[in-house]
Enquirer: 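Please read through the structure below; I'll follow up with questions.
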Amino acid sequence: MSASSGIAATFLRASLCAVAAALGACSDEQPAHPPTPRAEAPATAPETQGGAPQDGARAARPPGDATAPTPSTAREPALAPAPGTVLRETELKREPSFDAPTLARLPAGTRVIAADREGGWLRVINDGREGWVRLLHVSLQPPGTGGGSAQELESVAKLATGRAGTGNIVSTTGIRGLREEQLRAAAPNEGEVARLEGYAATPEAANAYARKHGLARRDVAELPAPKR
Amino acid sequence: MRAFLCLLLGLLLVGVADAGSLRDKLLEKIPESERLLLGLSEEDEIRAGRQATASLLAVAPLVADEALQRYVNTVGRWIAMGSSRPDLPWRFGVIDSADVNAFSAPGGYVLVTRGLYESLGSEAELAGVLAHEIAHVVERHQVELLRETLLIEEGREAVAKAVRGERRDLVRRLIGTGAELFARRLDQDAEFEADRLGVVLAARAGYSPYGLPAVLQKIATLAPADDRVQLLYKTHPPPEARLRRLDAAMGNAFDKYDRPGAGGKLYRP
């Protein structure tokens, strides 16, 4: 299985190359920002159950939280720079928090470049400003559509500081996808499904994993369908 | 009164799926039209799902990495235990295809392609994908689609066969040929429902609920003409529509469940 850091590195190089090409130069050598090693166990955010999100959601875990995994300085991997469009009027926040100062209101249709994600927040560049918007208020698009100027792409690439995602998808051509006809023609592979079944986890193993990584089961009600 | 009696009998039958002659006797007493309301037994579901899954595996076998397979099973089982069907024999796998897609089959079979797995950036994103597929199984979306298809195509004959106990044949005809089940388009409301229940299941398991939306955003950055998403787009609404619906459903209320970085480290082969 090819390493995703290879894909991420390729995508980062491609993005920077696109920017450089736009600026009149292109090179196939090492990118300006070498890819970093894969992120370590990401820091846990402070418990926000039932309360308002805290300022500085990336702060260390609360004291006395002995069951949470050891925090590290690494965060969830960033996205590679990608163009996007604002779906509904939204606030550009200075930090990824509802309590953070609002830098601007972005109307629906605003073009942004997304560079990073933290939970339900997306770090974006718009019109030279950098800030955070709600992940669900933006729709990302393939590179080359919508998007911003070459300068914006460049500044976002700098922000990404080479951590642009372990795990990003690179568009390629020439790979043939699964086809319906292929699926229809398939006959069951008894050996392979038996192998699959052999890997099943027991409830005990699942519980142990959750305990080890500080995953506490929470009571969350089902969401009703939104009114049209 | 009659409707209530039939409903009661129906419930009994689902519960006594293998009580042989008692079942037959009860079935004889129920008018054909009401027999259509009877669901498949869990055993039928599993048999149907297993057969379809085995066919998909013939096309794209499991990635040869035992640690990877055990890892996704551990995470998947943990999430499924927070659903209304925690005791199904849930099985998860990563299959060797460059496609970006995930599949689920009745009875608790969930498969993720290598192409999709490689795009994941965190365990929360994996959790989001698995939770969406688990939701399809929990809500019995494929089962309903199969039953409707069968009833439309075969009508009374299908019901008669069920009555006669020809369950193997019924199950085989339910899933169709090979792995074509996975190329069928569900009612799009079923996809939106699986997204909603998916974020709930992820949150229940202690993850940020924004893993699934994040994966949808990543998928959206792929060109629609990219061959690796052609099957995904054939069977699912566009990512933007899904994100809009999730936003309308979650609002700001779900932010309290956000835990960026919660969970273990995503296994990298």
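Naming convention: chains lettered A, B, ... in sequence-line order (proteins, then strands); numbering from 1 in each chain.
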Enquirer: Under a 4.5 Å cutoff for heavy-atom pairs, which residue among B/Gly206, B/Ala58, B/Pro89 has the most contacts with chain A?
Expert: B/Gly206
Enquirer: Out of B/Met250, B/Lys234, B/Gln217, which one racks up the most heavy-atom pairs below 4.5 Å with chain A?
Expert: B/Gln217
Enquirer: Between B/Val229 and chain A, which part of the residue has a heavy atom less than 4.5 Å away: side chain, backbone, both or neither?
Expert: neither
Enquirer: Can we say B/Asp247 and A/Arg134 salt-bridge, meaning some charged N sits less than 4.0 Å from an Asp/Glu carboxylate O?
Expert: no
Enquirer: Counting heavy-atom pairs closer than 4.5 Å to chain A, which one of B/Ala249, B/Gly178, B/Ala54 comes out on top?
Expert: B/Ala54
Enquirer: Quick check on B/Val72 against chain A: is it the side chain, the backbone, both or neither that has a heavy atom closer than 4.5 Å?
Expert: neither
Enquirer: Do you know which of A/Thr202, A/Val138, A/Leu136 has the most heavy-atom pairs with chain B at a distance under 4.5 angstrom?
Expert: A/Leu136
Enquirer: Classify the ring geometry between B/His132 and B/His236 as parallel (under 30°), tilted (30 to 60°) or perpendicular (over 60°).
Expert: tilted
Enquirer: For B/Leu243, is it the side chain, the backbone, both or neither that has a heavy atom under 4.5 Å from a heavy atom of chain A?
Expert: both
Enquirer: Below 4.5 Å from any heavy atom of chain A, which atoms of B/Leu111 appear? Answer side chain, backbone, both or neither.
Expert: side chain
Enquirer: Enter the distance from B/Leu56:CG to B/Ile95:CD1 here, rounded to the nearest 0.5 Å.
Expert: 4.0 Å
Enquirer: What are the two closest heavy atoms between B/Arg268 and B/Leu120, and how far apart are they?
Expert: NH2-O, 3.0 Å
Enquirer: Among A/Pro203, A/Ala185, A/Ala205, A/Ala208, which residue forms the greatest number of heavy-atom pairs with chain B at distances under 4.5 Å?
Expert: A/Pro203
Enquirer: Quick one: are B/His141 and B/Ser104 in side-chain contact, heavy atoms under 4.5 Å?
Expert: no
Enquirer: Heavy-atom pairs under 4.5 Å with chain B: which of A/Gly191, A/Ala201, A/Gly198 has the most?
Expert: A/Ala201
Enquirer: Decide yes or no for B/Asp187 and B/Glu193: does some side-chain heavy atom of the first lie under 4.5 Å from some side-chain heavy atom of the second?
Expert: no
Enquirer: Under a 4.5 Å heavy-atom cutoff, which of B/Gly211, B/Ala203, B/Pro209, B/Pro239 has the most pairs with chain A?
Expert: B/Ala203
Enquirer: Are the side chains of B/Arg91 and B/Thr53 in contact, using a 4.5 Å heavy-atom criterion?
Expert: no
Enquirer: If you tally heavy-atom pairs under 4.5 Å against chain B, which of A/Leu183, A/Leu135, A/Leu122 wins?
Expert: A/Leu183
Enquirer: Identify which part of B/Ser97 has an atom lying under 4.5 Å from any heavy atom of chain A, answering side chain, backbone, both or neither.
Expert: side chain
Enquirer: Out of B/Tyr109, B/Trp90, B/Phe92, which one racks up the most heavy-atom pairs below 4.5 Å with chain A?
Expert: B/Tyr109
Enquirer: Which region of B/Gln230, side chain (C-beta onward) or backbone (N, CA, C, O), has a non-hydrogen atom less than 4.5 Å from a non-hydrogen atom of chain A, or is it both or neither?
Expert: side chain
Enquirer: Taking only Lys NZ, Arg NE, NH1 and NH2, and the carboxylate oxygens of Asp or Glu, determine whether A/Glu190 and B/Arg50 approach each other closer than 4.0 Å.
Expert: yes
Enquirer: Are the side chains of B/Val59 and B/Phe182 in contact, using a 4.5 Å heavy-atom criterion?
Expert: no
Enquirer: If you count heavy-atom pairs under 4.5 Å with chain B, which of A/Arg179, A/Gln182, A/Arg195 comes out on top?
Expert: A/Arg179
Enquirer: Using modelled atom types and a 3.5 Å cut-off, is there a donor and acceptor pairing between side-chain atoms of B/Asp227 and backbone atoms of A/Gly177?
Expert: yes
Enquirer: Apply side-chain contact (heavy atoms from CB on, under 4.5 Å) to residues A/Arg105 and A/Glu91 and explain how you reach the verdict.
Expert: CA-CA 5 Å; A/Arg105 302 195 79 84; A/Glu91 294 183 15; 3.2 Å; yes
Enquirer: Given that the side chain runs from C-beta out, which part of B/Glu123 has a heavy atom under 4.5 Å from chain A: side chain, backbone, both or neither?
Expert: side chain
Enquirer: Only pairs of heavy atoms separated by less than 4.5 Å count here; which of B/Pro86, B/Ala60, B/Gly82, B/Gly93 has the most with chain A?
Expert: B/Gly82
